[in-house]
Amino acid sequence: MICCILLLTYTSTAQSYRDDWTSRLSFTIDYGLSFPTIKGDHSFTISSFPSNPQDQIIFSEKLSSRQNLSNLGYYGLELTYALQPRISLGLVMQRRNSYTYKSSLQFSQEKQVISNNLLLSTTGVFMQNTKISSTSLSLFTAFKLFKIDINRSTVMLFETGIGVGLSFIKLDSQIFNVLLTMHLKNDTTSQDNTFGPGIIAPEITRTTPFTWQLSTGFQFQFENFPNMSIGFRLVDIGHFIIMERPENMQDLFLLTSTTTNAEDQNLALSTTNQKRHLVSKDIYIKFHF
């Protein structure tokens, strides 16, 4: 009899613990709009140079660029556990598929080749397109700072959070409409040296940088409906390099012209191997279950 009572007591206590433990868990679906910014120096450049750097006088040089990065909707999933009524820990996954980053570059230069007194005009242009997809996994801590009772069935909470983790980034990049030209202005016997249109077929690279995020917003708790949050989030998606190459292979396209009694002249489209930094400002809405 005593054993039965102890067994029932233990079973009741264990069930109560499980009920309390599961009540602390919540599942969240996150939707939002991402407004991204890509930082850092350009991933590509065009340059004109002789084999001997001393064999030239540059009269003018111009390098102009354009870049555009599309906005994007995204979604996320969160699993949280309430340590205390005002503090929660959780795991968040966010999927961003995919930003479209477009850039173009125009180059022109006028110079004199000292060794034979020729005037050389060079021009270059290209367009580039990269699709950036990201899936991030982060651990985060959320804090509920204060609440406002709107009415008997609705409570509004001000919440903020911080998260750190990893981004799994995929880059799908290509270069097209490459055109490089050299023109000797005061030599009527020479023809323009031209390359193009050239392309580099799409190439895919993957990287896994560190990511972090800060969020702040309002959570609305309803008596008869799932809770809902709206707010703002700043996300550091991570660093990456577009079309990275070894140092001795950074020239993607090279146009070389041999002029009489002078050093060879070169015009190159090259990668810079510069790290780019992708940051997003998000507006989100969450549904808690």
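Worth knowing before you read on, the calculation uses all heavy atoms, side chains too, and leaves out hydrogens, waters and symmetry mates. For this chain, numbers begin at 1 and follow the sequence in order.
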* **Stepwise side chain to side chain contact (heavy atoms under 4.5 Å, CB included) test for T37 and L69** => CA-CA 7 Å; T37 302; L69 184 60; 5.8 Å; no

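- Considering all non-hydrogen atoms of both residues, I29 and L77 come closest at CG1-CD2, 4.2 Å.
- Between Q109 and the choices S121, S60, S48, the side chain to side chain donor-acceptor pair (under 3.5 Å) rule is met once, by S48.
- Here the CG atom belonging to L89 is positioned 11.5 Å from the CZ atom belonging to R24, to the nearest 0.5 angstrom.
- The closest donor-acceptor contact from the side chain of N193 to the backbone of T256 lies under 3.5 Å.
- Remark: F253 CZ to L267 CG distance equals 12.0 Å, nearest 0.5 Å.
- Sorted by first and then second residue, the salt bridge (Lys or Arg N to Asp or Glu O under 4.0 Å) pairs involving residues 159-178 (not counting sequence neighbours) form an empty list.
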* May I have the step-by-step check of side chain to side chain contact (heavy atoms under 4.5 Å, CB included) for K102 and T100, ending in yes or no? => CA-CA 6 Å; K102 297 180 179 180; T100 299; 3.9 Å; yes

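- A pairwise comparison of heavy atoms in T271 and M243 identifies CG2-O, 3.4 Å as the closest pair.
- Ring-plane geometry between F126 and F44 is classed as perpendicular, the angle between the planes exceeding 60 degrees on a 0 to 90 degree scale with a lower cut at 30.
- S138 is listed as a side-chain neighbour of T211, based on a closest heavy-atom distance under 4.5 Å.
- In this structure, F195 and L254 have side chains that are not in contact, with every pair of non-hydrogen atoms separated by 4.5 Å or more.
- A distance of 10.0 Å separates CG in L171 from OG in S134, rounded to the nearest 0.5 Å.
- When the side chains of ILVMFWY residues are joined at heavy-atom separations under 4.5 Å, either directly or via intervening members, F140 and I285 end up in two distinct hydrophobic clusters.
- Between the side chain of N273 and the backbone N or O of P246 there is no donor-acceptor pair closer than 3.5 Å.
- For NZ of K144, the number of neighbouring non-hydrogen atoms (other residues, nucleotides, ligands) closer than 6.0 Å is greater than 12.
- Residue I200 is grouped with residue L105 when hydrophobic side chains (ILVMFWY) are merged at heavy-atom distances under 4.5 angstrom, including chains of intermediate members.
- Contact check for L278 versus Y101: no side-chain heavy atoms found under the 4.5 Å cut-off.
- Shortest non-hydrogen contact noted between N227 and F222 is OD1-N, 3.2 Å.
- Looking at heavy atoms from C-beta onward, T205 lies out of side-chain contact with E244 at the 4.5 angstrom threshold.
- Side-chain polar atoms of Y99 and S34 form a donor-acceptor pair below 3.5 angstrom.
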* ring-ring contact (aromatic ring centres under 6.0 Å, His included) evaluation trace for F158 with F218 -> CA-CA 5 Å; F158 177 74; F218 295 95; 5.5 Å; yes

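- Between L184 and L119, the closest side-chain pair of non-hydrogen atoms is not below 4.5 Å.
- In this pair, Y31 and F287 present their aromatic rings perpendicular. The plane angle is above 60°, beyond the 30 to 60° band.
- For the pair T272 (side chain) and S43 (backbone), a donor-acceptor distance under 3.5 Å is present.
- Closest non-hydrogen pair, I46 versus V125, comes out as CD1-N, 3.7 Å.
- A side-chain N or O of T130 and one of Q128 form a donor-acceptor pair less than 3.5 Å apart.
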* **CA sep, side-chain torsions, deciding dist, call: E61, F107, side chain to side chain contact (heavy atoms under 4.5 Å, CB included)** => CA-CA 8 Å; E61 184 174 289; F107 171 84; 3.7 Å; yes

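- M249 and L269 end up in different hydrophobic clusters when Ile, Leu, Val, Met, Phe, Trp and Tyr side chains are linked at under 4.5 Å.
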* For Q265 and L120, run side chain to side chain contact (heavy atoms under 4.5 Å, CB included): C-alpha distance rounded to whole Å, both residues' side-chain angles, the deciding distance at 0.1 Å, then the answer. => CA-CA 9 Å; Q265 300 296 317; L120 181 65; 3.7 Å; yes

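- Interatomic distance, S70 OG to K131 NZ, rounded to the nearest 0.5 Å: 9.5 Å.
- Among all heavy-atom pairs drawn from S173 and I242, the shortest one is OG-CG2, 3.6 Å.
- Between the OG1 atom of T207 and the CG atom of L166 there is a distance of 10.0 Å, given to the nearest 0.5 Å.
- The local environment of CD in E110 is crowded, with over 12 non-hydrogen atoms from other residues, nucleotides or ligands closer than 6.0 Å.
- For F225, the CZ atom sits in a loose shell: 12 or fewer heavy atoms of surrounding residues, nucleotides or ligands are nearer than 6.0 Å.
- The salt bridge (Lys or Arg N to Asp or Glu O under 4.0 Å) analysis of residues 277-289, with sequence neighbours excluded, yields the pairs E78-K286, R96-D282, R233-D282.
- Using a 4.5 Å cut-off between side-chain heavy atoms of Ile, Leu, Val, Met, Phe, Trp and Tyr, with links allowed through other members, W212 and M93 fall into different hydrophobic clusters.
- Contacts of H42 classified as ring-ring contact (aromatic ring centres under 6.0 Å, His included), with partners at least two apart in sequence or in another chain: none.
- Between Q221 and K147, the closest side-chain pair of non-hydrogen atoms is not below 4.5 Å.
- The nearest pair of heavy atoms linking L72 to N97 is CD2-N, 3.6 Å.
- Without hydrogens or angle criteria, S215 side chain to F232 main chain gives no donor-acceptor distance under 3.5 Å.
- Taken together through direct or relayed side-chain contacts under 4.5 Å among Ile, Leu, Val, Met, Phe, Trp and Tyr, M127 and L255 form parts of separate hydrophobic clusters.
- The backbone N or O of I237 sits less than 3.5 Å from a side-chain atom of S167, completing a donor-acceptor pair.
- Interatomic distance, I162 CD1 to F143 CZ, rounded to the nearest 0.5 Å: 8.0 Å.
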